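Worksheet for the structure shown next.
The structure presented is a predicted model; accordingly, all values stated were derived computationally and were not measured. Below, read A as the first sequence line, B as the second, and so on, with proteins coming before strands; counting in each chain starts at 1.
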Amino acid sequence: MKFNAPRGTNDILPPEIEKWQYIEEITHKLFKNYNYQEIRTPIFEYTELFQRGIGEVTDIVEKEMYTFEDKSGRSITLRPEGTASVIRSFLENKIYGQAQPTKYYYIGPMFRYERPQSGRFRQFHQLGVEAIASNDPALDAEIISLGIRLLEKFGLEDFELHLNSVGCKSCRPKYMEKLKTFLTKNKAELCDKCKERIERNPLRVLDCKNQSCQAVIKDAPKITEHLCEECELHFSEVQSFLDVLNIEYIINPLLVRGLDYYTHTAFEIKDNALGAQNTVFGGGRYNGLAEEIGNRDIPGIGFALGIERLLLSLQAKEINIVEAEGIDLYITVIGEKAKKEAFRLLDILRKEEFKTEIDYLDRSVGSQMKSADRMNAEYTIIIGENELNNNSATIRNMKSGNEAEIKLSNLLKEMKQRVDKGEK
RNA sequence: GUGGAUGUAGCUCAGUUGGCUAGAGCGCAGGAUUGUGGCUCCUGAGGCCGUGGGUUCAAGCCCCAUCAUCCACCCCA
């Protein structure tokens with residue numbers, strides 16, 4: 001073959017696509033049930049949006065963006081995540097002028113230039129929600145529970161919710177200083193990368209997996225012990241609202257997220273059956289984001305869920321979310337004359353919403369029956385010389401093998417009685 | 001960006017210390033059944049052995065390069 005799909009991209013083929021459609025269907029239904037509305041933003045944005053929104057020193061902006069110049073010389077970037085676009089849209093369309101809060105959701109492809117591996121692709125798909133213009137900790141709990149309820153809809157229950165507060169503008173800088181001081185004191189024990197991180201992004205050291213770093217981190221000051229009063233209160237309220245919903249969580253002070261815009265609540269749902277990339281969904285509060293990209297102080301919270309990871313999780317647990325669906329009718333044609341009549345009948349049956357198929361490869365009767373069988377047809381309608389002469393069709397129940405010759409004039413009525421269309 | 005593993009039929013994989021026209025199972029197509037699927041049996045199609053070079057009388061096998069995929073690191077969905 002001359003062409004491959006670009007590295008890290010995938011074709012989604014049938015029957016796999018059925019799962020995607022099912023996930024989307026359930027998502028639309030559940031999210032609307034929580035009164036979130038769908039929003040569709042462009043697949044690409046001006047690069048500055050992500051630089052400002054996500055943060056210059058994040059991995060995403062530093063090395064993972066698909067950035068290029070368009071013909072006018074503007075720097076364009078394929079969206080690496082959804083939140084920045086949604087907030088940009090919220091501000092640009094002046095949605096803040098309407099009744100608040102605003103609750104949006106989205107489903108679509110995201111792009112990050114990374115080496116692909118299990119659960120990570122260059123084009124991948126997220127579904128996510130954003131609740132904008134409210135600082136209510138109950139909303140934090142709603143967002144988290146919404147994600148969990150969605151997983152439950154697919155029969156997934158065996159996962160861990162990690163919860164943390166990453167502080168706010170007023171307490172995080174102070175904590176960072178403390179952390180820096182501590183890390184500098186223990187610099188000798190840290191890996192080379194973490195040594196660099198002390199200045200650039202000390203929080204990142206916290207989730208380094210290097211053993212000697214881990215040993216240092218164990219005694220590092222914890223952000224949960226350095227929150228300001230407001231953050232402290234918000235965090236405990238979020239927990240108590242989660243308690244109300246009987247949602248279990250693990251407080252994880254080492255949970256730091258890779259995007260700069262998070263404040264207060266940060267969370268990740270991990271499925272330990274997944275291997276290295278085990279975060280199925282993650283998110284948090286981003287009260288500084290609207291300020292950063294639009295000079296308006298508007299709070300928000302959301303999560304993003306990786307659809308490919310959801311699929312992997314289902315696979316790991318051998319959960320089948322879609323049944324293979326058969327067709328209602330297969331028309332077997334014998335002889336050229338019959339084909340015209342059969343083709344006319346095919347159209348009529350389809351108009352009546354029977355899922356119907358016919359042979360297009362000039363195959364023998366036996367082969368046509370075989371096709372019908374493989375398509376899991378409920379009935380086969382056989383039309384040959386005999387039937388033509390009698391103005392009839394032979395119908396065969398593929399399960400029982402019973403056959404009957406039916407007048408064409410009665411065929412529709414007969415099939416309506418026999419076939420349970422669109423059964424599920 | 002770094003490291004490791006793997007590339008042979010549509011799929012899953014055999015292929016001996018290098019040695020004849022490269023195999024199996026499944027799938028696909030046709031037939032046994034001149035108008036009837038599943039089970040069975042028979043037959044068949046389908047391979048630049050990832051690609052390019054090298055070593056050799058001889059390469060699917062050895063060497064080099066390259067590409068791709070997978071897995072891991074980094075980090076995240």
- Query: If the C1' atom of C61(B) is compared with that of C49(B), how far apart are they to the nearest Å?
  - Reply: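 Nearest-Å result for C61(B) against C49(B) at atom C1': 10 Å.
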Please pick, from [options], the nucleotide with the shortest atom-to-atom distance to any side-chain atom of [X].
X: Asn4(A); options: C71(B), A77(B), A68(B); result: A68(B)
X: Arg115(A); options: C75(B), C71(B), G31(B); result: C71(B)
X: Tyr113(A); options: G1(B), C75(B), A29(B); result: G1(B)

- Could you identify which residues of residues 279-292 of chain A place a heavy atom less than 4.0 Å from some atom of RNA chain B, listed by residue number, or say none?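 Residues of residues 279-292 of chain A that come under 4.0 Å of RNA chain B are, in numerical order, Thr279(A), Val280(A), Phe281(A), Gly282(A).
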- Query: Of Ile321(A), Asp271(A), Thr27(A), Leu156(A), which meets side chain to side chain contact (heavy atoms under 4.5 Å, CB included) against Leu310(A)?
  - Reply: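 In the set Ile321(A), Asp271(A), Thr27(A), Leu156(A), the residue that makes a side chain to side chain contact (heavy atoms under 4.5 Å, CB included) with Leu310(A) is Leu156(A).
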- Query: Stems in RNA chain B: runs of 3 or more consecutive Watson-Crick or G-U pairs, distances under 3.5 Å?
  - Reply: B:1-7 with B:67-73, B:10-13 with B:23-26, B:28-32 with B:40-44, B:50-54 with B:62-66
At 4.0 Å (heavy atoms only), tell me whether [X] reaches a base, stays on the sugar-phosphate, or touches nothing.
X: Gly128(A); result: nothing
X: Arg112(A); result: base
X: Ser364(A); result: sugar-phosphate
X: Phe303(A); result: nothing

- Query: Using a cut-off of less than 4.0 Å, is there contact between a side-chain N or O of Arg7(A) and OP1 or OP2 of U69(B)?
  - Reply: yes
- For the side chain of Gln277(A) and the base of A72(B), is some donor closer than 3.5 Å to an acceptor across the two?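 Between A72(B) and Gln277(A), which were checked side chain against base, a qualifying N/O pair under 3.5 Å is absent.
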- When you look at Met415(A) and Asp328(A), which way does the side-chain contact (heavy atoms from CB on, under 4.5 Å) test go after all the steps? CA-CA 10 Å; Met415(A) 295 326 292; Asp328(A) 298 321; over 6 Å; no
- How would nucleotides 34-40 of chain B be written as a contact map, 5' to 3', with B for base contact, S for sugar-phosphate-only contact and - for no contact, using protein heavy atoms under 4.0 Å? -BBBB--
- With the threshold set at 4.0 Å, does a side-chain nitrogen-carboxylate oxygen contact exist between Glu378(A) and Arg418(A)? no
- Check the angle between the aromatic planes of Tyr175(A) and His226(A) and answer parallel, tilted or perpendicular using the 30° and 60° thresholds. tilted
- Query: When you check the side-chain N and O atoms of Glu403(A) and Thr394(A), is any donor under 3.5 Å from an acceptor?
  - Reply: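 Looking only at side-chain atoms, Thr394(A) and Glu403(A) do not form any donor-acceptor pair under 3.5 Å.
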- Task: Please determine, by modelled atom types, if Ser392(A) and Glu405(A) share a side-chain donor-acceptor pair under 3.5 angstrom.
- Result: yes
- Item | Arg40(A) NZ/CZ over Tyr106(A) ring centroid, <6.0 Å and within 45° of normal | no
- Item | Greater than 12 external heavy atoms within 6.0 Å of Asn390(A)'s CG |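 It does: Asn390(A) CG has more than 12 such atoms within range.
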